[in-house]
A.B. asks: 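This structure is in structure tokens; I'll ask about it shortly.
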Amino acid sequence: ASREHAANHRSLSGSSRHVWGGQTNDYMQPEEDWDRDLLLDPAWEKQQRKTFTAWCNSHLRKAGTQIENIEEDFRDGLKLMLLLEVISGERLAKPERGKMRVHKISNVNKALDFIASKGVKLVSIGAEETSAKEGLLLWCQRKTAPYKNVNIQNFHISWKDGLGFCALIHRHRPELIDYGKLRKDDPLTNLNTAFDVAEKYLDIPKMLDAEDIVGTARPDEKAIMTYVSSFYHAFSGAQKAETAANRICKVLAVNQENEQLMEDYEKLASDLLEWIRRTIPWLENRAPENTMQAMQQKLEDFRDYRRLHKPPKVQEKCQLEINFNTLQTKLRLSNRPAFMPSEGKMVSDINNAWGGLEQAEKGYEEWLLNEIRRLERLDHLAEKFRQKASIHESWTDGKEAMLQQKDYETATLSEIKALLKKHEAFESDLAAHQDRVEQIAAIAQELKYVFSPHRCTARVIKKICDYSYQAWGGRSMGTFDSPRTEKLLETIDQLYLEYAKRAAPFNNWMEGAMEDLQDTFIVHTIEEIQGLTTAHEQFKATLPDADKERQAILGIHNEVSKIVQTYHVNMAGTNPYTTITPQEINGKWEHVRQLVPRRDQALMEEHARQQQNERLRKQFGAQANVIGPWIQTKMEEIGRISIEMHGTLEDQLNHLRQYEKSIVNYKPKIDQLEGDHQQIQEALIFDNKHTNYTMEHIRVGWEQLLTTIARTINEVENQILTRDAKGISQEQMNEFRASFNHFDRKKTGMMDCEDFRACLISMGYNMGEAEFARIMSIVDPNRMGVVTFQAFIDFMSRETADTDTADQVMASFKILAGDKNYITVDELRRELPPDQAEYCIARMAPYNGRDAVPGALDYMSFSTALYGESDL
């Protein structure tokens, strides 16, 4: 536009009247041209002269001069040539210094020849000028777009209110104008503000008067364009710096994001490894507790671990791998080397540690349940032992003292006979109790612990057994007085003997019945409790016969009492053959009758408990048999989606996210199953014939499902990043996927080394071990032993993406530094956002070149380091 204005203004000057016609050898003006110029609008001509004069002076001031009058100051061609030299930055031919007209014409011709040599047309507005005009207009529109009260559509009336000029200044130098105080209805103030600020701070001369623009219905387009172009050139340096700053900010943002990802990875890895380190010893500790309550607390702690503490760690481990893969993708795409975590914090190290955790965890719950079952059995046996030992201690009470009596030494023959019969009855009772003694011994053996009461009982019984035979076996019949033959006494003696023979086994039966009715039981199935109930019913069926026997025994005793009362027989003492009294028989019988309904109630309650347990089993089994297959199906479907070639990657991503949503929505069912499982454990249910799934199966499957969907989504997101960065078409992506799927022989979503080697050979690679190892170092930088699809497409699309380089960043810093080899803190803070400026200041080394100044920073080594090793 300035070239066009120059041409037009030269058409008005006396030294170039024939430029319009393209004639440069005749500087005399024809008469008809003067007549045409006289018809021009004087106001328009004045504005054109003023604009062009100001424009020329904006350049000439760089050479230390200026013009006042176009016709006079350009007449000799000297300042015209100087203007062209300032604009072009080139030297023109040496001017003529003479005062004659021929010298002046020669200088003007040299100027015009130079203009022509640059391909500048001096007449009309051609396509190039139109393109320049459109470009300038587009720049104005883009820069003023954020200002709602500015609408630049042209180079005339769009500028009348002055807000366009003010907006351009405020956009680039907001500190120069308080834009918020400007009013659209005050154009003079707006224009004068813009022109004064431009002249004072931007070195743009005042080319137009505000009054001329406001007072004209349609300001001159070329004059406005000339003025606006001065703003464009004034800000072009700032634009260049802005572009450089944007490039640097972009690069720094990438580096800052990558470094943050590295820091996050390192911290998450450290935290996860520390948690694993603390948890494994707890899971490996299989020291049993001595009480059921303590072991149940351990089970509760383990349940909290699996439901509350471990699931977040599973997510952290998954997120760790996702962050790692995303980081490596971003590093590759931004032309940075692969990230190498600190020693011991590689993904493989995390996986190994996690494997150790799961190995320690394996079988822990089963051990807990077995221990609880063992303690339940021990508690049951201990209670059973205490009960049986107590009964038998009661039975032995007084027996030892009786056996140690020496009453036989002074007894008569009949008394000796009675003592022998009594001892026979005792031996019979002792033999009947032997089975119970053996039961107690067997319980003690199973308990692996002998309670002190049992030791006492054993000693007593041993003494009974040993002493009874010693005492009675050593007795001699000797010589006694002649027997008494009274008929009644013999009858009573026979009745006493009959009573003793029948009372002893019946008493033993009652004691056994009482013991059995009070016996504790432990069952885990309905079938077991039904067996106990059947046995109890069978026992109850024998009670009528037992009652008849009791009455018969009591009848013998009553017969003795009747003879004594009828014949007034003087009886000395009680039944010599037994210590069992009718009162004792009745008391024990009554106790048996009371114990029977209690046993009924206990069996009934246990049966109800086992029915409830069976309902819990069925409830858990029904849910587990649905959830288990559902998890397996989802895993298979996700695997198919991740390798399918239907639709775009975005289609795959949307599909996967729908699956992720459905999976997350399924979580309440898992929680409900956990609740049922807790009830099962609290009820001490150890097996379930209604399902092959355990809660641990479901937990592991659920964790794998969440991990798989998250990983798969991340893989597709990284594929999209790679595709967009490298410009890979969907057709190419499908070809890569088809090749990968073909050689992913194990269908794991990854190729192992041999699969990848076969894939390369199929594509025509002819390589030895060294070359293959080099390629593997590219596709598997972390030495995982597998090639993912992400790494595969990176390798297959090795064309570099549109990424920044260290040299480009250096060049951008050089612009900000004003072409210096170093940059200062002030320059960084002026040109970059605060956080990125401080990022550079903290990391840039001091500049040590010869041209260094205090505080100079080395942006070159910093730029190189940005693309160097990705260490923290």
Side-chain angles (χ1 to χ4, degrees), residues 306-307 310-319 321-322 325 351 354-355 358 361-362 365 616-678 680 687-720 734 737-738 740-752 786 788-790:
R306 286 303 278 112
R307 294 181 65 176
K310 188 183 179 188
K313 299 302 176 183
V314 173
Q315 293 180 357
E316 285 180 20
K317 178 176 177 291
C318 178
Q319 193 61 47
E321 296 175 12
I322 287 174
N325 293 334
N351 287 334
W354 191 265
E358 295 198 322
E361 183 183 307
K362 187 177 181 181
E365 185 175 31
L616 289 176
R617 288 188 183 96
K618 289 180 179 179
Q619 184 172 310
F620 179 88
Q623 290 190 80
N625 289 337
V626 172
I627 292 174
W630 183 87
I631 291 174
Q632 184 61 35
T633 300
K634 288 298 177 185
M635 290 282 285
E636 294 170 358
E637 290 174 351
I638 291 168
R640 285 198 298 270
I641 295 172
S642 67
I643 63 173
E644 69 184 8
M645 292 182 288
H646 307 298
T648 63
L649 289 175
E650 284 77 9
D651 293 335
Q652 285 186 34
L653 191 60
N654 290 334
H655 204 173
L656 286 168
R657 283 179 174 153
Q658 290 173 5
Y659 265 77
E660 183 181 40
K661 186 176 180 180
S662 70
I663 290 170
V664 171
N665 290 339
Y666 204 76
K667 180 66 163 57
K669 294 185 182 296
I670 305 295
D671 294 336
Q672 182 180 351
L673 193 67
E674 282 281 9
D676 292 344
H677 176 66
Q678 181 172 346
I680 281 178
D687 54 9
N688 192 345
K689 65 183 180 181
H690 301 292
T691 182
N692 291 324
Y693 293 100
T694 66
M695 193 64 232
E696 188 60 21
H697 289 148
I698 300 297
R699 288 168 181 159
V700 171
W702 178 253
E703 289 168 358
Q704 289 177 343
L705 181 61
L706 292 175
T707 300
T708 299
I709 188 66
R711 283 177 182 160
T712 307
I713 286 175
N714 177 248
E715 287 171 4
V716 176
E717 288 174 337
N718 287 340
Q719 290 168 25
I720 291 173
N734 289 343
R737 172 54 78 183
F740 185 88
N741 290 350
H742 178 76
F743 286 96
D744 175 17
R745 291 166 180 161
K746 298 182 181 68
K747 303 306 175 189
T748 60
M750 295 176 287
M751 285 191 284
D752 60 26
V786 294
T788 64
F789 182 63
Q790 177 63 43

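Here the structure is a predicted model, which means the values were calculated and not measured.
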A.B. asks: Side-chain contact test, heavy atoms from C-beta onward, threshold under 4.5 Å: evaluate it for Lys310 versus Glu361 and give yes or no.
C.D. replies: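 Side chain of Lys310 against side chain of Glu361, heavy atoms only: contact under 4.5 Å found.
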A.B. asks: Checking side chain to side chain contact (heavy atoms under 4.5 Å, CB included) for the pair Glu715/Phe789: CA distance, chi angles, key distance, verdict?
C.D. replies: CA-CA 8 Å; Glu715 287 171 4; Phe789 182 63; over 6 Å; no
A.B. asks: Apply salt bridge (charged side-chain N to carboxylate O under 4.0 Å, His left out) to Lys689 and list each qualifying residue two or more places apart in sequence or on a separate chain.
C.D. replies: none
A.B. asks: Between Gln790 and Asn325, is any pair of side-chain heavy atoms under 4.5 Å apart?
C.D. replies: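 They are not in contact (no side-chain heavy atoms under 4.5 Å apart), so the answer is no.
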A.B. asks: As an exercise, state the distance from CG of Asn734 to CG of Asn741, rounded to the nearest 0.5 Å.
C.D. replies: 10.0 Å
A.B. asks: May I ask you to test the Lys669-Leu673 pair for a side-chain heavy-atom distance under 4.5 Å?
C.D. replies: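 SC-SC contact between Lys669 and Leu673 ruled out.
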A.B. asks: Give me the atom names and distance for the closest heavy-atom approach of Val314 to Glu703.
C.D. replies: CG2-CD, 3.7 Å
A.B. asks: In Å, rounded to the nearest 0.5 Å, how long is the span from CZ of Arg617 to CG of Asp687?
C.D. replies: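 One finds 5.5 Å between CZ of Arg617 and CG of Asp687.
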A.B. asks: Does atom CG of Asn692 have more than 12 heavy-atom neighbours, drawn from other residues, nucleotides or ligands, at distances under 6.0 Å?
C.D. replies: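 Counting other residues, nucleotides and ligands, CG of Asn692 stays at 12 neighbours or fewer.
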A.B. asks: Just jot down the salt bridge (charged side-chain N to carboxylate O under 4.0 Å, His left out) partners of Glu696, sequence neighbours excluded, or say none.
C.D. replies: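 Glu696 satisfies salt bridge (charged side-chain N to carboxylate O under 4.0 Å, His left out) with Arg306, Arg699 once adjacent residues are dropped.
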A.B. asks: So do the side chains of Ile713 and Leu653 get within less than 4.5 Å of each other, counting heavy atoms only?
C.D. replies: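 Ile713 vs Leu653: side chains touch.
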A.B. asks: As an exercise, state the distance from OG1 of Thr788 to CZ of Arg711, rounded to the nearest 0.5 Å.
C.D. replies: 12.5 Å
A.B. asks: State, with a plain yes or no, whether a side-chain heavy atom of His655 is found less than 4.5 Å away from one of Gln652.
C.D. replies: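 A side-chain contact is absent here, since even the closest heavy-atom pair is not under 4.5 Å.
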A.B. asks: I'd like to know whether Lys317 forms a salt bridge (charged side-chain N to carboxylate O under 4.0 Å, His left out) with Glu321, so could you lay out the CA-CA distance, the side-chain angles of the two residues, the decisive distance to 0.1 Å, and finally the verdict.
C.D. replies: CA-CA 6 Å; Lys317 178 176 177 291; Glu321 296 175 12; 2.9 Å; yes
A.B. asks: What's the verdict on side chain to side chain contact (heavy atoms under 4.5 Å, CB included) for His690 and Phe620, showing C-alpha distance, side-chain angles and the deciding distance?
C.D. replies: CA-CA 8 Å; His690 301 292; Phe620 179 88; over 6 Å; no
A.B. asks: As an exercise, state the distance from CD1 of Ile631 to CD1 of Ile698, rounded to the nearest 0.5 Å.
C.D. replies: 5.0 Å
A.B. asks: Which pair of heavy atoms, one from Met751 and one from Phe740, lies closest together, and at what distance?
C.D. replies: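 Scanning both residues, the minimum pair turns out to be CE-CD1, 3.4 Å.
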A.B. asks: Examine the side chains of Glu636 and Gln632 and answer whether a donor and an acceptor come within less than 3.5 Å of each other.
C.D. replies: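 Gln632 and Glu636 do have a side-chain donor-acceptor pair below 3.5 Å.
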A.B. asks: For Asp676 versus Gln619, what's the shortest heavy-atom pair and its separation?
C.D. replies: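 Looking at all heavy atoms of both residues, the closest pair is OD1-NE2, 2.9 Å.
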A.B. asks: Any Lys/Arg nitrogen of Asp752 or Arg745 sitting under 4.0 Å from an Asp/Glu carboxylate oxygen of the other?
C.D. replies: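 So Asp752 does not pair with Arg745 through a salt bridge.
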A.B. asks: Quick one: side-chain hydrogen bond (donor to acceptor under 3.5 Å, both in side chains) partners of Asp744, sequence neighbours excluded?
C.D. replies: none
A.B. asks: Examine distances only and state if a side-chain atom of Asn714 and a backbone atom of Ala710 form a donor-acceptor pair shorter than 3.5 Å.
C.D. replies: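 No: the side chain of Asn714 does not pair with the backbone of Ala710.
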A.B. asks: Could you work out, with salt bridge (charged side-chain N to carboxylate O under 4.0 Å, His left out) as the rule, every residue matching Lys618, not counting sequence neighbours?
C.D. replies: none
A.B. asks: Quick one: are Tyr666 and Ile627 in side-chain contact, heavy atoms under 4.5 Å?
C.D. replies: yes
A.B. asks: Given side chain to side chain donor-acceptor pair (under 3.5 Å), test Thr648 with Asp651 step by step and report yes or no.
C.D. replies: CA-CA 5 Å; Thr648 63; Asp651 293 335; 3.3 Å; yes
A.B. asks: Looking at CE of Met635 and OG1 of Thr708, how far apart are the two atoms once the value is rounded to the nearest 0.5 Å?
C.D. replies: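 Answer for the CE-OG1 pair, Met635 versus Thr708, is 3.5 Å.
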A.B. asks: Mind checking whether Trp630 and Ile663 have side chains closer than 4.5 Å, heavy atoms only?
C.D. replies: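 Yes; the side chains approach each other to less than 4.5 Å.
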A.B. asks: Suppose we screen for ring-ring contact (aromatic ring centres under 6.0 Å, His included). Which residues come up paired with Tyr693, at least two apart in sequence or across chains?
C.D. replies: none
A.B. asks: Please lay out, stage by stage, how Glu660 and Arg657 fare under the test salt bridge (charged side-chain N to carboxylate O under 4.0 Å, His left out).
C.D. replies: CA-CA 5 Å; Glu660 183 181 40; Arg657 283 179 174 153; 5.4 Å; no
A.B. asks: Look only at the side chain of Asn625 and the backbone of Thr691, and say whether a donor-acceptor pair between them is shorter than 3.5 Å.
C.D. replies: no
A.B. asks: Report the C-alpha distance between Asp671 and Arg307 in whole Å, list the side-chain angles of each, state the deciding distance to 0.1 Å, and finish with yes or no for salt bridge (charged side-chain N to carboxylate O under 4.0 Å, His left out).
C.D. replies: CA-CA 9 Å; Asp671 294 336; Arg307 294 181 65 176; 5.4 Å; no
A.B. asks: Would you check if Gln719 and Arg737 make a side-chain contact, meaning some heavy-atom pair closer than 4.5 Å?
C.D. replies: yes
A.B. asks: Roughly how far apart are Ile709 CD1 and Glu637 CD, rounded to 0.5 Å?
C.D. replies: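 Between atom CD1 of Ile709 and atom CD of Glu637 there are 10.5 Å.
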A.B. asks: Among residues at least two apart in sequence or on other chains, which ones pass ring-ring contact (aromatic ring centres under 6.0 Å, His included) with Trp354?
C.D. replies: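 ring-ring contact (aromatic ring centres under 6.0 Å, His included) list for Trp354, sorted by chain: empty.
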